[in-house]
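Report on the structure given below.
By convention in this document, chain letters (A, B, ...) are assigned in the order of the sequence lines, proteins followed by strands, and residues within each chain are numbered from 1.
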Amino acid sequence: MQRFLMLVLLPVLLVVAPAHAQIEVDINKGHLNPLPVAVDPFMGDTPEAADLGADIAGVVTNNLERSGLFEPISQEAFVEDIQDFNVRPRFQDWRLINAQALLTGEVELQSESRMRVAFRLWDVYGEEEILALSFTATPDLWRRIAHKVSDQIYKRLTGEEGYFDTRIVFVSESGDKMNRVKRLAIMDQDGANMQFLTSGDYTVLTPRFSPSNQMITYMSYRTGKPQIHLFDIETGRHETLGNIGNMTFAPRFSPDGSKVVMSLEEAGNTDIYVMDLRSRQMTRLTFGQSIDTSPTFSPEGDRVVFESDRGGSQQLYIMNADGSGVERISFGEGRYATPVWSPRGDLIAFTKITGGRFAIGVMRSDGSGERLLADGFRAEGPTWAPNGRVIMFWREERGGEPSIWSIDLTGQNLRRVNTPGSASDPAWSPLLD
Amino acid sequence: MKFQIALFAAAALVAAGCAKKDEPVDTTPSQPPQTTDRGDPNANIDRGPVPGTEADFVENAGDRVFYELDSYQLDSEGRATLDRQAAWLQEYPNVTVLVGGHADERGTREYNLALAARRANSAKDYLVSRGIDPSRLSTVSYGEERPVCSASSQECWALNRNATSNIVSGAVSS
């Protein structure tokens with residue numbers, strides 16, 4: 001059975017569009033004044049299709065609301081009862097409830113294995129259709145279609161790529177702190193479809209997605225000794241990345257997915273190495289007795305940011321991808337850790353520890369412009385949405401349980417991410433194909 | 001700065017105190033359950049653990065040493081414990097040991113893995129300096145993943161910053 005997703009442009013419902021300014025959402029200020037949007041349940045020609053249509057509209061509504069940039073209007077307030085997807089809506093009815101944008105859609109179950117979902121996005125005040133697309137896929141992919149619809153709306157209204165058709169890999173935690181079970185788990189960005197990837201017989205830590213394909217790298221105690229592993233989401237296969245050093249940890253892929261940069265410990269000393277995944281050749285990048293860890297490539301792959309205590313305490317450094325040209329970039333008070341380069345390349349997110357508290361912050365890659373976005377007794381491990389606008393991290397209050405949170409780069413819109421149990425170490429996938 | 005140093009010293013004292021008194025806190029699975037013959041209150045005291053057993057090592061040498069915050073320096077108490085471990089290991093030359101390094105929850109996970117590796121190696125290196133063949137000693141870092149005390153308190157943090165010597169093979173079976 002094919003599970004493909006196909007996207008088609010719909011013919012525009014032609015009208016003479018009045019010359020109104022088009023609606024748009026400012027990503028930096030949108031949270032102060034979220035755009036009122038009406039999401040009409042997608043229509044279906046059968047009860048089954050109509051149910052799926054309502055579910056798709058629900059997922060889209062939830063995505064738009066959680067982004068903080070949109071304010072979905074309750075369906076109970078709707079005036080017009082739209083009966084035909086291919087007829088222009090009565091815009092005055094939508095203006096009555098202050099909707100600025102209107103989403104309509106329809107679901108067609110063409111066969112057991114083929115579903116077509118079409119949608120139109122309307123500028124209510126401009127009285128024009130501003131986006132019309134359809135997706136075809138197997139019906140079990142209805143959530144992914146809802147995420148793709150959300151991404152298209154986000155892109156049309158903000159001018160930036162969306163981040164809804166993505167997944168989060170994380171560490172699911174259970175049991176008391178002295179007998180903790182830590183399992184690798186994966187879920188959709190909105191918390192749906194959670195699946196465990198490891199059994200819980202051994203501890204796993206710090207999973208990270210490949211930016212270029214559906215691979216995950218993580219650290220595991222499966223062999224008794226902490227070692228880096230690879231997991232292929234498509235095949236479900238786990239693989240130990242060689243039995244190297246006394247311990248390998250803190251893995252991260254290069255942007256093209258061909259290399260993994262990591263820390264390797266030998267005789268108590270931790271340095272940064274990079275492994276070419278095809279040849280399995282290791283190249284050492286840092287030397288000396290300091291702890292050098294948490295390395296991350298720049299989006300171009302030409303530089304690596306990492307943390308080191310070579311200056312006396314944990315601070316952030318940048319070096320060229322061959323290990324040359326090391327420069328310290330963090331100079332503030334406290335300790336800096338787990339730097340992660342934004343997919344846009346302009347910013348580095350990090351964990352900061354000062355006065356016994358943890359914070360998540362960002363700085364430019366030259367170390368300037370430091371801003372702290374969120375804090376907690378424990379707040380650690382930032383990971384970027386593929387569009388570089390949202391950061392996820394994990395947080396734990398004193399004596400509490402860890403959970404995953406997201407916050408916008410603006411410092412607004414702090415949200416708890418829904419997980420079935422305690423969770424930490426989130427890593428955001430790239431946009432799915 | 002003086003205040004900080006005083007605070008760390010206090011934490012270390014608490015750690016040392018707790019380590020001696022609060023045996024129930026220690027839940028290392030390597031410790032066999034203690035059996036007590038309630039019929040004769042003196043029997044257990046007179047007997048003690050069988051020499052050369054893991055229990056003997058834990059009770060008479062001491063299986064763990066403690067560290068200050070973000071440090072892997074051994075203090076005098078730690079060195080004394082490792083001196084006893086070295087003497088015991090000299091007496092039982094077939095015993096091999098895995099030294100596990102541990103950190104408290106107040107650092108980032110990855111840094112804690114590296115810090116705990118330093119701690120495990122500081123204990124190993126000291127044992128080697130006391131004449132134990134390095135081939136008998138291996139190390140593993142558990143970072144902050146295996147605390148022996150679960151509260152988010154100074155007392156627990158002090159207990160959780162340790163290097164613990166676990167006998168892998170060669171001990172007398174009890």
Among Gly268(A), Gly381(A), Gly224(A), Pro226(A), single out the residue with the greatest number of heavy-atom pairs under 4.5 Å to chain B.
-> Gly268(A)

Side chain, backbone, both or neither: which part of Glu173(A) has a non-hydrogen atom closer than 4.5 Å to chain B?
-> side chain

Cut-off 4.5 Å, heavy atoms of chain A, and the answer for Asn160(B) is neither

Arg146(B) versus chain A, heavy atoms under 4.5 Å apart: side chain, backbone, both or neither?
-> neither

Neighbourhood of chain B inside residues 244-253 of chain A, taking heavy atoms under 4.5 Å as contact = Asn246(A), Met247(A), Phe249(A), Ala250(A)

Closest non-hydrogen contact found for Gly143(B) with Tyr221(A) is N-OH, 4.2 Å

Interatomic distance, CG@Leu205(A) vs CD@Glu144(B), rounded to 0.5 Å, equals 8.0 Å

Can you sort out the partners of Phe209(A) under ring pair (Phe, Tyr, Trp, His ring centres under 6.0 Å), two or more places apart, ordered by chain and number?
-> none

Distance (rounded to the nearest 0.5 Å) between Tyr111(B) OH and Ser263(A) OG | 12.0 Å

Asp425(A) CG to Arg109(B) CZ distance, which is reported to the nearest 0.5 Å = 4.5 Å

Which one of Ala117(B), Gly107(B), Ser150(B) has the most heavy-atom pairs closer than 4.5 Å to chain A?
-> Gly107(B)

Under a 4.5 Å heavy-atom cut-off, does chain A meet the side chain of Tyr72(B), its backbone, both or neither?
-> neither

Say you draw a straight line from CD1 of Ile353(A) to OG1 of Thr108(B); how long is it, rounded to the nearest 0.5 Å?
-> 5.0 Å

Per-residue contact mode, Ala120(B) against chain A (heavy atom under 4.5 angstrom) | neither

Rounded distance (nearest 0.5 Å) linking atom CG of Asp70(B) with atom CG of Asp309(A) | 7.5 Å

Output the option from Glu396(A), Arg378(A), Glu307(A) having the highest count of non-hydrogen pairs under 4.5 Å with chain B.
-> Arg378(A)

Identify the two heavy atoms, one from Arg398(A) and one from Trp157(B), that lie closest to each other, and give their separation to 0.1 Å.
-> NH2-CH2, 3.6 Å

Do we see a donor-acceptor contact under 3.5 Å between the side chains of Thr293(A) and Glu110(B)?
-> no

Heaviest contributor of heavy-atom pairs below 4.5 Å to chain B, chosen from Lys225(A), Lys177(A), Met219(A), Lys182(A), is Lys182(A)

Region of Ile291(A) in contact with chain B, defined by heavy-atom distances below 4.5 Å = both

Tell me, yes or no, whether the heavy-atom count around Gln90(B) atom CD, taken from other residues, nucleotides or ligands under 6.0 Å, exceeds 12.
-> yes

In terms of heavy-atom pairs under 4.5 Å, which option from Gly356(A), Gly399(A), Ser294(A), Ala337(A) contacts chain B the most?
-> Ser294(A)

